[in-house]
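To start, the structure under review is shown below, and the notes come after it.
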Amino acid sequence: MNSGRNISFAFVLMLFLQVVICQIFQFGSYCVISLLPAMLICLPTSMSTLKCMLSAFFIGLFVDFFGDGLLGLNAFSLLPLAYARNFIFAKLFNEELITRGEPLSWRKWGVGLVFGAAFLFEALFLVLYITVDAAGVRDFVPCLQTFLISLPVNLLLGMGVLYAFLEK
């Protein structure tokens, strides 16, 4: 079996796992659990920004439709991440990572940089998600509490996703 097919199959399984997480673990407005930012990091670096944005949009809509219920919230939160993905990678890692289309790897970049990328992606995703989800209904402090509770949980889960997908 082709390793590309294995990765694609695992990515689809991770997408369904995200839907299951959305269905089972509903903490209301206290905690937002999402594997999607880490999955966005795992997309090939050779993928163009437009393809990445289209993938993020459809992945977000899929999770919104089958998991969360509020159509467009995950898609809205993932699109800016997909747009800024190559820029973030170029600033954190290297321009050559994008131009050569090298796979992101733990061995080459180390845990610190990969964790930094995961932190940025998760934090940006949560800021967008929580802000749009609150939509002027909740105050700043409850939104901040949701962010501070969700960020470590998503980082822990996201590092597991990155460990599963990135080269070791």
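Side chains included, hydrogens not; waters and symmetry mates left out as well; all remaining heavy atoms used.
Side-chain contact check for Asn154 versus Pro37: every heavy-atom pair is 4.5 Å or farther apart. Residues Phe16 and Val20 fail the side-chain proximity criterion, which asks for heavy atoms closer than 4.5 Å. Annotation: side chain of Tyr30 is not in contact with side chain of Thr146 (no heavy-atom distance under 4.5 Å). For the pair Trp109 and Asn94, the minimum side-chain heavy-atom distance is below 4.5 Å. Counting only heavy atoms from C-beta outward, the side chains of Met39 and Leu36 approach each other to under 4.5 Å. Within the 4.5 Å cutoff, no side-chain heavy atoms of Ser150 are placed close to those of Ile33. For the pair Ser34 and Tyr129, the minimum side-chain heavy-atom distance is 4.5 Å or more. Using a 4.5 Å cut-off on side-chain heavy atoms (C-beta onward), Leu92 and Phe87 make no contact.
With sequence neighbours left out, the salt bridge (charged side-chain N to carboxylate O under 4.0 Å, His left out) criterion links Arg100 to Glu96, Glu102. Scanning for ring-ring contact (aromatic ring centres under 6.0 Å, His included) contacts around Phe57 gives an empty result, with sequence neighbours left out. Applying the side chain to side chain donor-acceptor pair (under 3.5 Å) criterion to Asp133, with sequence neighbours excluded, gives no partner residue. Under the rule for a side chain to side chain donor-acceptor pair (under 3.5 Å), the partners of Thr49 that lie at least two apart in sequence or sit in another chain are Asn86. Scored by the side chain to side chain donor-acceptor pair (under 3.5 Å) test, Asn74 finds Asp64, Asp68 as partners (sequence neighbours excluded). Shown here are the salt bridge (charged side-chain N to carboxylate O under 4.0 Å, His left out) partners of Lys91, two or more places apart in sequence or in another chain: there are none.
Within the 3.5 Å criterion, the main-chain N or O of Gly67 finds a donor-acceptor partner in the side chain of Gln23. With hydrogens and angles ignored, the 3.5 Å screen pairs a side-chain donor or acceptor of Arg85 with a backbone N or O of Leu43.
Separating the CG atom in Leu156 from the CG atom in Leu151 is a distance of 11.5 Å, to the nearest 0.5 Å. Leu40 contributes atom CG, which lies 11.0 Å from atom CG of Leu124 (distance to the nearest 0.5 angstrom). With rounding to the nearest 0.5 Å, the separation of CE in Met47 from SG in Cys52 is 6.0 Å. From Met14, atom CE reaches atom CD1 of Ile21 across 9.0 Å, with rounding to the nearest 0.5 Å. Here the CG-CD distance, from Leu35 to Gln18, works out to 4.5 Å after rounding to the nearest 0.5 Å. Taking CG of Leu113 as the reference point, atom CZ of Phe93 lies at 5.5 Å (rounded to 0.5 Å).
Note: the hydrophobic cluster containing Phe140 does not contain Val137 (ILVMFWY, side chain heavy atoms under 4.5 Å, direct or indirect links). The hydrophobic clustering, which links ILVMFWY residues whose side-chain heavy atoms are closer than 4.5 Å, places Val32 and Ile149 apart. The hydrophobic cluster containing Val127 also contains Leu79, counting ILVMFWY residues as joined when their side-chain heavy atoms lie under 4.5 angstrom apart, directly or transitively.
Nearest heavy-atom pair, Ala90 versus Glu95, reported as atom, atom and distance to 0.1 Å: CB-OE2, 3.6 Å. Residues Val63 and Cys22 approach most closely at CG1-SG, 4.0 Å, considering heavy atoms. Nearest heavy-atom pair, Leu148 versus Pro152, reported as atom, atom and distance to 0.1 Å: O-CD, 3.1 Å. Nearest heavy atom pair, residue Pro103 against residue Thr45, reads N-OG1, 4.2 Å. For the residue pair Phe11 and Ile59, the shortest heavy atom distance occurs at CE2-CD1, 3.7 Å. Here the closest heavy-atom approach between residue Leu166 and residue Trp106 is recorded as CB-NE1, 3.5 Å.
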Side chain to side chain contact (heavy atoms under 4.5 Å, CB included) assessment of Phe115 paired with Leu162:
CA-CA 9 Å; Phe115 181 80; Leu162 292 175; over 6 Å; no

Run the side chain to side chain contact (heavy atoms under 4.5 Å, CB included) check on Cys143 and Thr131 step by step: do they pass?
CA-CA 8 Å; Cys143 291; Thr131 302; over 6 Å; no

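Taking the six-membered ring where the residue is Trp, the centroids of Phe66 and Phe62 are separated by under 6.0 Å.
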